[in-house]
Asks: 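This structure is in structure tokens; I'll ask about it shortly.
We use all heavy atoms of the structure for the numbers below, so side chains are in, but hydrogens, waters and symmetry mates are not.
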Amino acid sequence: MPKKRHQKQYSKPQSTAPASLSSSTAASRHNSHHDDQQQNRSVNELLADLRRAGLRDGGSSQIRPAEAFVQPTVPPAIRQILQLPETPAPPPRRPVRVDATGRRLPPGPAPPRSWVSRPAGSGLYSDPRTLIEFGGAQNYAQRPLPGMVLPAKGSLMDLVLKGFARTWDWQVEYCRYILYELPTRVRGALLAYIGLYSEKGLTLQDMRAILLPPPPVVYEDDEDSHYEQERQRGFLPPGVVNDDFSCLDLSWSLGRSLKIRELSDFLYPPQAAAVVSTADPKDSWDAPDDEPTLEPSIPAALLPNLTRLSLALDPEHAHNVSWRHLLSFATHMPNLTHLSLAFWPEPSLTPNAKLATMVTAQGQVVQYGATGPYSHSLDNDWTEAIMVLNRLSKSLYRLEHLDLTGCGLWASALWSKSGHDMVDWVGAWGKVERIVMYAGYKLGEEAGSSERARYEMVTENARRVERHVRGRRAEKGMGKRGIVVETDEEGKE
């Protein structure tokens with residue numbers, strides 16, 4: 001039978017490649033052959049190639065990464081025999097990066113410029129006195145006592161503490177076991193922020209949570225109870241932890257959520273009686289026991305080195321404080337150097353008895369208190385105020401800075417004289433160098449003539465206090481110990 005012939009559908013390709021692909025094919029074969037040789041080479045051969053490449057590129061400015069770590073270490077004698085070139089010098093070390101204060105920065109790339117470029121005065125901690133002019137401040141909260149380390153306005157710490165204070169009721173429960181171990185400056189700033197930004201202000205329980213170790217936790221498990229006992233033993237005594245606590249800012253809390261009497265009992269606990277047995281040794285075990293005697297023990301102050309204290313009041317709660325309690329509280333603070341009594345009412349031991357009267361045995365109706373409704377306005381009688389301030393000065397005889405912002409209405413007591421009594425600016429308060437006497441408010445654009453006259457009277461009273469103190473000290477030969485009274489500039493709102 002005849003063979004069937006099948007027509008081929010596809011033709012056989014050419015035996016030779018096109019001219020356009022011949023060069024690429026040869027290059028690929030050469031590269032594959034070169035790769036095979038590279039894989040078969042040993043590590044020593046690769047290092048030798050790197051050395052030869054480094055010697056050929058000795059004049060180049062850039063150094064390869066392998067050369068920075070693999071340097072030829074041929075002895076000089078062998079180098080001369082083999083006629084090898086000199087070993088290149090090691091690359092210079094990278095200079096140490098330091099910040100503006102000279103502190104060494106951590107290794108690694110520099111931070112972005114947006115991280116380090118911040119407006120002036122926005123550091124973590126700075127002195128607000130250098131950032132805010134006293135005359136331009138809008139409220140007392142912007143003028144803390146000198147030396148009080150508070151975060152700069154707008155800084156990260158400022159924002160964190162504000163949020164912490166606004167949610168303090170939740171934070172005190174969640175963070176109660178770590179508040180005691182915070183740095184001193186953070187705890188001091190936290191106390192100030194709670195008084196300013198918390199709804200109810202700073203309370204005695206809040207101060208206990210920050211200044212005292214946390215209470216022990218009761219566990220049913222013996223192992224957990226043992227761990228809790230060990231943790232309680234690890235806490236240092238409050239007098240040791242608060243040893244460097246020198247500033248306490250209680251602005252706007254006193255009279256609103258905190259009382260002076262409970263504050264005094266908390267910072268300076270009353271004397272506790274210690275049981276001491278003074279009985280003689282007994283001759284027999286059956287002898288009756290003698291009653292032990294009680295001897296008072298010296299209490300330990302919670303803040304032993306407190307030198308700056310702010311008792312500034314909220315003007316709406318100024319009637320809730322007592323000068324009598326302040327005089328008792330001041331007897332525990334002889335080392336105080338800076339004190340703020342901003343917006344305190346006029347010094348009086350019986351402020352609620354201005355209108356009260358009493359009948360004597362002879363039938364005469366006399367005033368009950370030392371200060372009456374017309375004692376200052378008509379009689380110019382500041383006897384009680386002078387007496388109270390003198391008692392305060394005898395307790396705070398190391399005072400150097402006194403803030404009386406908002407107290408311009410009773411500033412006359414600072415220079416007035418009642419018989420032979422007057423405020424002692426030479427003896428007890430002879431070390432006072434600065435008195436702050438701002439009005440405590442700003443005049444509005446629609447202020448009337450009477451309001452402007454009252455505002456200018458506060459400024460004039462501050463200048464008169466300055467002249468009086470300088471004159472008294474000059475009479476006693478203390479002219480070199482001057483005084484500065486800060487107040488609002490006249491004619492400015």
Asks: Taking it one step at a time, do Arg452 and Glu456 satisfy salt bridge (Lys or Arg N to Asp or Glu O under 4.0 Å)?
Replies: CA-CA 6 Å; Arg452 293 183 179 275; Glu456 294 176 358; over 6 Å; no
Asks: Does a salt bridge link Arg434 with Glu400, judged by any charged N lying under 4.0 Å from a carboxylate O?
Replies: no
Asks: Does Arg166 offer a backbone N or O that forms a donor-acceptor pair with the side chain of Glu199 under 3.5 Å?
Replies: no
Asks: Nearest 0.5 Å please: distance from the OG1 atom of Thr307 over to the CE atom of Met333.
Replies: 11.5 Å
Asks: Evaluate the side chain to side chain contact (heavy atoms under 4.5 Å, CB included) criterion for residues Met437 and Leu414: first the C-alpha distance (whole Å), next the side-chain angles of each, then the deciding distance (0.1 Å), finally the verdict.
Replies: CA-CA 12 Å; Met437 293 187 64; Leu414 300 176; 4.3 Å; yes
Asks: What is the distance from atom CG of Leu309 to atom OG of Ser251, rounded to the nearest 0.5 Å?
Replies: 9.0 Å
Asks: Consider only side-chain N and O atoms of Asp244 and Thr184, and report whether a donor and an acceptor are under 3.5 Å apart.
Replies: yes
Asks: From Cys175 SG over to Leu190 CG, what is the distance, rounded to the nearest 0.5 angstrom?
Replies: 10.0 Å
Asks: Just wondering, do Val436 and His401 contact through their side chains at under 4.5 Å, heavy atoms?
Replies: yes
Asks: Which of parallel (below 30°), tilted (30 to 60°) and perpendicular (above 60°) describes Tyr455 and Tyr441?
Replies: perpendicular
Asks: Verify the neighbour count for atom CZ of Arg467: are there more than 12 heavy atoms of other residues, nucleotides or ligands below 6.0 Å?
Replies: yes
Asks: Is the backbone of Gly440 close enough, under 3.5 Å, to the side chain of Thr405 for a donor and an acceptor to pair up by distance?
Replies: no
Asks: Assign the ring pair Trp170 / Tyr174 to parallel, tilted or perpendicular, where the plane angle (0 to 90°) is split at 30° and 60°.
Replies: parallel
Asks: Indicate whether the side chain of Asn320 and that of Arg256 have a donor and an acceptor atom separated by less than 3.5 Å.
Replies: no
Asks: Can you tell me how far apart CD (Glu433) and CD1 (Ile483) are? Round to the nearest 0.5 Å.
Replies: 9.0 Å
Asks: Can you check whether Arg208 reaches Leu204 side chain to side chain, under 4.5 Å on heavy atoms?
Replies: yes
Asks: Quick check: closest heavy atoms across Ala413 and Val423, and the distance to 0.1 Å?
Replies: O-CG2, 3.4 Å
Asks: When you compare the side chains of Ser348 and Thr371, does any donor N or O come within less than 3.5 Å of an acceptor on the partner?
Replies: no
Asks: Roughly how far, to the nearest 0.5 Å, is the CD1 atom of Ile386 from the CE atom of Met422?
Replies: 7.5 Å
Asks: Can any side-chain N or O of Arg187 pair as donor or acceptor with the backbone N or O of Ile210 at less than 3.5 Å?
Replies: yes
Asks: Return the orientation label for the Trp425 and Trp429 ring planes: parallel under 30°, perpendicular over 60°, tilted otherwise.
Replies: tilted
Asks: Has the side chain of Ser155 got a donor or acceptor atom that lies under 3.5 Å from a matching backbone atom of Pro151?
Replies: no
Asks: Begin with the C-alpha distance, continue with both residues' side-chain angles, and end with the deciding distance and a verdict on side chain to side chain contact (heavy atoms under 4.5 Å, CB included) for Asp169 and Lys200.
Replies: CA-CA 10 Å; Asp169 292 338; Lys200 59 181 180 180; 3.5 Å; yes
Asks: Between Pro146 and His338, is there a side-chain heavy-atom distance shorter than 4.5 Å?
Replies: yes
Asks: Could Asp488 and Lys442 be called an ion pair, given the rule that one side-chain N must be under 4.0 Å from one carboxylate O?
Replies: yes
Asks: Would you say the side chain of Ser395 lies within less than 4.5 Å of the side chain of Leu327, judging by non-hydrogen atoms?
Replies: no
Asks: Using 4.0 Å as the upper bound for N to carboxylate O, is an ion pair formed by Lys259 and Glu262?
Replies: no
Asks: Heavy-atom count check: over 12 atoms from other residues, nucleotides or ligands less than 6.0 Å from Arg473 CZ?
Replies: yes
Asks: Looking only at heavy atoms, which two atoms of Cys247 and Met148 are closest? And how far apart?
Replies: CB-CG, 3.8 Å
Asks: Are the side chains of Leu250 and Ser310 in contact, using a 4.5 Å heavy-atom criterion?
Replies: no
Asks: Would Asp206 and Thr203 count as having a side-chain donor-acceptor pair, cut-off 3.5 Å?
Replies: yes
Asks: Describe, in one word, how the ring planes of Trp323 and Trp410 are oriented to each other, choosing from parallel (under 30°), tilted (30 to 60°) and perpendicular (over 60°).
Replies: perpendicular
Asks: Is there a side-chain contact between Leu326 and Leu311, using heavy atoms and a 4.5 Å cut-off?
Replies: yes
Asks: Using side-chain heavy atoms (C-beta onward) and a distance below 4.5 Å, is Tyr268 in contact with Asp265?
Replies: no
Asks: Would you call Lys417 and Asp421 a salt bridge, using N to O less than 4.0 angstrom?
Replies: no
Asks: Do we see a donor-acceptor contact under 3.5 Å between the side chains of Asn390 and Asp424?
Replies: no
Asks: Taking atom types as modelled, find out whether Tyr438 and Asp403 have a side-chain donor-acceptor pair closer than 3.5 angstrom.
Replies: no
Asks: Might you point out which heavy atoms bring Asn335 and Arg398 nearest each other, and give the distance in Å?
Replies: OD1-NH1, 2.8 Å
Asks: Are Arg464 and Glu460 ion-paired here, with the side-chain N under 4.0 Å from a carboxylate O?
Replies: no
Asks: Take atom CZ in Arg391; do more than 12 heavy atoms of anything else shown fall under 6.0 Å from it?
Replies: no
Asks: For a quick test of reading the model, state the closest non-hydrogen atom pair linking Pro304 to Leu302 and the distance between them.
Replies: CD-O, 3.4 Å
Asks: To the nearest 0.5 Å, what is the distance between CG (Asp314) and CH2 (Trp252)?
Replies: 5.0 Å
Asks: Under the criterion ring pair (Phe, Tyr, Trp, His ring centres under 6.0 Å), I'd like the reasoning laid out for Tyr197 against Phe164: C-alpha separation, chi angles, the key distance, then a yes or no.
Replies: CA-CA 9 Å; Tyr197 299 103; Phe164 211 89; over 10 Å; no
Asks: Would you mind reporting whether Leu211 and Tyr180 have side-chain heavy atoms less than 4.5 Å apart?
Replies: no
